[in-house]
2 protein chains.
Amino acid sequence: MTEPRLTAIVARVSTMREVAALAGVSGKTVSRVINDDRYVSAEVRERVQRAIAELAYVPNMLSQTFRTGRDNAIGVAVPDLADPFFGAVVQAVTERARERSVAVLITSLGSRPQDEQPAAESLLRRHIAGLIVAPTSDDHRYLQPWRAGTAFVFIDRPPRHLAADAVVQDDAGGARAAVEHLLANGHRRIAFIGWDLTLTTIQHRRDGYRAALRSAGVPPDHRLERVLDPAVGPSAALAALSEVADPPTAIFSADSQTSIALVPELHARRNRGLALVSFGDFPMAAALRPSVSVVDQDPAALGDAAAERLFTRVDHPTRRLRRQIVMPVRLQVRQSSARPRVR
Amino acid sequence: MTEPRLTAIVARVSTMREVAALAGVSGKTVSRVINDDRYVSAEVRERVQRAIAELAYVPNMLSQTFRTGRDNAIGVAVPDLADPFFGAVVQAVTERARERSVAVLITSLGSRPQDEQPAAESLLRRHIAGLIVAPTSDDHRYLQPWRAGTAFVFIDRPPRHLAADAVVQDDAGGARAAVEHLLANGHRRIAFIGWDLTLTTIQHRRDGYRAALRSAGVPPDHRLERVLDPAVGPSAALAALSEVADPPTAIFSADSQTSIALVPELHARRNRGLALVSFGDFPMAAALRPSVSVVDQDPAALGDAAAERLFTRVDHPTRRLRRQIVMPVRLQVRQSSARPRVR
DNA sequence: CGGGGTTCTGTCACCGGTGTCAGGAACGGC
DNA sequence: GCCGTTCCTGACACCGGTGACAGAACCCCG
């Protein structure tokens with residue numbers, strides 16, 4: 001055994017047994033030093049630490065987690081990481097995880113519901129401690145076998161056929177506030193444009209839209225409710241709206257995806273006085289002319305809340321907590337929701 | 001042993017030995033069925049598969065990876081996931097990884113260089129097969145011990161003091177093309193605004209900016225080169241530029257972060273004919289009035305290239321390949337780079 | 001009918017840590 | 001001097017799969 005050289009250049013990761021051999025102790029004693037066990041003499045501890053430094057030893061987390069049966073990691077599954085909303089959610093989750101030295105496994109689910117289960121199981125088979133999921137499917141029973149070992153927190157949309165935590169937004173309330181704001185500015189003919197009515201979030205926003213109209217005594221008009229066909233984009237929907245007798249003076253856009261598609265189209269048509277409020281902020285909304293009024297969702301706060309709840313479940317599996325957390329949304333009034341032009 | 005019921009409700013994940021017991025075979029035979037080993041009789045295979053379905057067995061990846069010593073996962077480390085550029089990169093990487101059934105571990109590095117090493121090591125100690133990193137630090141020697149077991153691909157910025165693959169953009173060429181375009185449109189006084197000149201990417205863009213001016217015989221003017229102070233934002237820089245004798249008629253913004261801050265400010269000042277080209281596309285750039293001309297980086301292509309290179313290194317550790325991959329960038333001409341107004 | 005090859009299945013060790021337990025040394029109190 | 005307690009260290013099994021190897025059954029061919 002050569003004399004320890006602290007400056008050694010190490011070209012390979014070493015194992016605990018190599019450290020033990022170099023320090024002249026058993027593997028278990030090295031383990032004790034790593035884990036700050038109090039029952040190690042100062043002299044031995046010193047020797048082991050020198051050996052660790054000498055070999056640039058880093059514990060193999062694979063075997064640690066294997067031994068305990070639980071990976072010190074959480075999973076995050078969202079439809080699309082390139083979507084700034086989910087990007088911000090994931091960013092917040094990774095920050096909370098790092099504070100706890102927990103690794104984050106990530107997967108994108110895409111938009112096809114049938115892809116959710118295999119993607120989620122690819123994370124679960126690693127026996128992660130918890131999973132944060134923004135679901136795309138309508139049936140989460142497949143998660144049942146994993147509940148004993150893994151905590152689940154749903155975000156954006158609640159679980160179906162499974163009892164689990166959910167952090168959602170006040171979809172109906174936010175939509176209602178947006179439409180009430182348009183009503184207060186004198187709009188009576190207000191259109192609803194959404195992207196995918198099979199999503200419960202969009203349904204709730206439509207419910208809020210309708211409730212606001214009802215409360216104001218404005219008669220509903222199904223011709224003003226439009227679903228966007230992703231193949232053709234928003235131009236067809238706008239054309240159809242303009243052909244309605246007594247056409248709308250304002251649009252409530254039910255999600256930022258729709259708004260992002262809608263805005264260039266409105267600009268291209270020179271936007272004949274059509275007001276707009278978007279559910280969901282989006283980049284540059286404030287810099288556009290007119291700047292776009294939005295219902296702001298604060299994705300970072302949502303990510304924080306989801307991570308906090310997940311870690312609470314991991315730390316206290318038996319604690320009783322309300323399953324549903326509703327994040328408030330905030331109406332951010334800008335220029336695009338001004339009064340209708342007098343004709 | 002009860003008769004197999006395929007409809008069993010399973011409340012717990014089961015192990016291979018439980019499957020083996022139910023099927024009346026050895027654990028190794030179950031392993032063979034899982035891994036599609038050809039030496040299993042049809043009759044046994046059938047029995048084992050029924051037992052797997054009955055118990056809803058999913059292999060424990062923790063032990064698989066532990067046995068082989070290499071985690072079937074790759075790591076991705078980027079400064080900020082909420083940045084749409086990195087979001088799109090990560091989205092592309094996760095798609096490529098999913099095609100290969102490889103898990104993706106993610107971490108955000110933040111902007112402080114000293115945070116990079118601990119964040120990277122938290123991934124590496126899991127013995128991942130590869131790491132894609134957009135570095136924030138200037139010294140990557142700490143990765144040396146891991147090279148034997150882990151492939152490294154740097155993105156956006158090349159490694160320092162370490163020989164490893166890098167997928168970068170044509171920063172100088174893109175900047176040069178942008179500035180040449182402004183020159184062709186008659187601009188002679190062109191400002192450079194960047195966010196952080198310690199980053200090599202920004203340095204290269206400035207080099208391209210200077211080279212374009214030099215080739216055109218336009219005398220350089222250091223007063224037109226500005227670094228943005230993130231604390232005060234772009235207003236101070238714009239004010240300083242407008243006070244220069246013979247002020248600029250165009251701005252070359254060296255990164256999308258800067259552009260995103262700059263655009264609202266230009267709008268607020270009613271943008272007195274100041275042209276703009278941004279290095280890096282950003283959301284809504286096409287929808288703004290005037291729409292913003294950009295040097296488009298295609299982050300998805302960058303993520304694809306990085307993932308492809310990583311998997312090539314993992315599959316063929318000895319193959320000789322060029323270390324540096326330069327992704328082309330594309331000048332996307334829109335309205336904001338038009339000719340200067342005649343005064 | 002014997003030898004060689006292929007097919008199928010099981011036994012056992014092993015990956016690299018950690019939990020359990022045992023045992024020796026040192027120390028204090030009566 | 002004896003017993004009980006605390007301190008320190010090591011031996012050993014174990015987590016759940018898989019690689020190496022052995023052995024049995026069967027087939028084909030000379």
Side-chain angles (χ1 to χ4, degrees), chain A residues 12-49 51-52 55-73 124-129 145-146 148-149, chain B residues 12-49 51-52 55-73 101 103 124-129 145-146 148-149:
Chain A
R12 197 181 59 80
V13 293
S14 29
T15 74
M16 199 168 88
R17 295 196 213 290
E18 290 167 350
V19 174
L22 181 58
V25 297
S26 76
K28 180 67 198 180
T29 297
V30 177
S31 170
R32 288 198 178 93
V33 173
I34 303 280
N35 295 300
D36 269 334
D37 189 298
R38 34 195 302 271
Y39 294 121
V40 181
S41 66
E43 190 260 336
V44 167
R45 183 182 300 273
E46 161 74 10
R47 227 164 60 223
V48 170
Q49 271 159 350
I52 288 172
L55 296 174
Y57 169 68
V58 178
N60 181 347
M61 179 151 295
L62 255 43
S63 28
Q64 283 182 70
T65 62
F66 170 58
R67 181 64 170 89
T68 58
R70 177 80 37 87
D71 197 344
N72 188 30
L124 290 166
R125 72 180 60 199
R126 307 175 70 91
H127 291 240
I128 51 179
W146 300 96
Chain B
R12 197 181 59 79
V13 293
S14 29
T15 73
M16 198 167 87
R17 293 193 216 291
E18 290 167 351
V19 175
L22 181 57
V25 297
S26 75
K28 181 67 199 181
T29 297
V30 176
S31 169
R32 288 198 179 93
V33 172
I34 302 280
N35 295 299
D36 268 334
D37 188 300
R38 36 195 301 269
Y39 295 122
V40 181
S41 66
E43 190 260 338
V44 167
R45 183 183 301 272
E46 161 74 10
R47 225 164 60 223
V48 170
Q49 270 158 351
I52 288 173
L55 297 173
Y57 169 68
V58 178
N60 181 345
M61 180 150 296
L62 256 43
S63 27
Q64 284 184 68
T65 62
F66 170 57
R67 181 62 171 89
T68 58
R70 179 79 38 85
D71 197 344
N72 189 29
S101 304
L124 289 166
R125 72 179 62 201
R126 306 174 70 91
H127 290 237
I128 50 179
W146 301 97

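We name chains A, B, ... by the order of the sequence lines, and we start the count at 1 in each one.
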*Confirm from the modelled atom types if Arg67(B) and dC14(C) form a donor-acceptor pair under 3.5 Å, side chain to base only.*
yes

*Given dC7(D), is OP1 or OP2 found less than 4.0 Å from the side-chain N or O atoms of Arg38(A)?*
yes

*What is the distance, rounded to the nearest whole Å, between atom CG of Asn72(B) and atom C1' of dC15(C)?*
17 Å

*asked:* In whole Å, I'd like the distance from the CG atom of Asp37(B) to the P atom of dG19(D).
replied: 10 Å

*Rounded to the nearest angstrom, tell me the gap between atom CZ in Arg17(B) and atom P in dT18(D).*
11 Å

*Given atom CD1 of Ile52(B) and atom C1' of dG16(D), what is their separation to the nearest angstrom?*
15 Å

*Identify, between Ser63(B) and Gly27(B), the residue whose nearest nucleotide on DNA chain C lies closer to the 5' end.*
Gly27(B)

_Is the phosphate of dT18(D) approached by Thr68(B) (side-chain N or O, under 4.0 Å from OP1 or OP2)?_
no

_Base of dG17(C), side chain of Lys28(A) - is there a donor-acceptor contact under 3.5 Å?_
no

*Which heavy atom in Asp71(A) sits nearest to a heavy atom in Thr65(A), and how many Å separate them?*
OD1-CG2, 3.6 Å

*Would you say Thr29(A) reaches dG10(D)'s phosphate, i.e. side-chain N/O to OP1/OP2 under 4.0 Å?*
yes

*Between Thr15(B) and dG16(D), is there a side-chain N or O to OP1/OP2 distance below 4.0 Å?*
no

*asked:* Working to the nearest 0.5 angstrom, can you tell me the gap between Ser41(B) OG and Arg47(B) CZ?
replied: 7.5 Å

_If you compare every side-chain N and O of Asn60(A) against the phosphate oxygens of dC15(C) (OP1, OP2), does one of them come in below 4.0 Å?_
no

*Taking only the side-chain heavy atoms of Met16(A) (C-beta and beyond), determine which of dG17(C), dG10(C), dG17(D) contains the nearest atom.*
dG17(C)

*Rounded to the nearest angstrom, tell me the gap between atom CG in Leu62(A) and atom P in dC15(C).*
14 Å

_For atom CG of Asp71(B) and atom P of dG17(C), their distance in whole Å_ = 15 Å

*Which of these nucleotides, dA20(D), dC21(C), dT18(D), is closest to any side-chain atom of Arg32(A)?*
dC21(C)

*Take Arg45(B) and Val25(B) through the test side chain to side chain contact (heavy atoms under 4.5 Å, CB included) and record every step on the way to the result.*
CA-CA 10 Å; Arg45(B) 183 183 301 272; Val25(B) 297; over 6 Å; no

*Whole-Å gap separating P (dG16(C)) and OH (Tyr57(A))*: 10 Å

*Checking all strands, does Val30(B) fall into the base, sugar-phosphate, or nothing category for heavy-atom contacts under 4.0 angstrom?*
nothing

_Taking Glu43(B)'s backbone N and O only, do any of them form a donor-acceptor pair with Glu46(B)'s side chain (distance below 3.5 Å, no angle check)?_
no

*Are any of Gln64(B)'s side-chain N or O atoms less than 4.0 Å away from OP1 or OP2 of dG16(D)?*
no

*Length of the OH-C1' vector between Tyr39(B) and dT7(C), whole Å*: 7 Å

*Selected nucleotide, minimal atom distance to Ser41(A) side chain, candidates dT18(D), dC8(D), dC8(C)*: dC8(D)

*Given dT18(D), dT7(C), dT9(D), which nucleotide is nearest the side-chain atoms of Val44(A)?*
dT9(D)

*Any side-chain N or O of Ser26(A) less than 4.0 Å from the OP1 or OP2 oxygen of dT9(D)?*
no

*Side chains of Val58(B) and Leu124(A): closer than 4.5 Å at any heavy-atom pair?*
no

*Nearest nucleotide by nearest heavy atom, which residue falls closer to the 5' end of DNA chain C, Phe66(B) or Glu43(B)?*
Glu43(B)

*Closest contact, heavy atoms only, Tyr57(A) versus Ser14(A)*: CD1-O, 3.1 Å

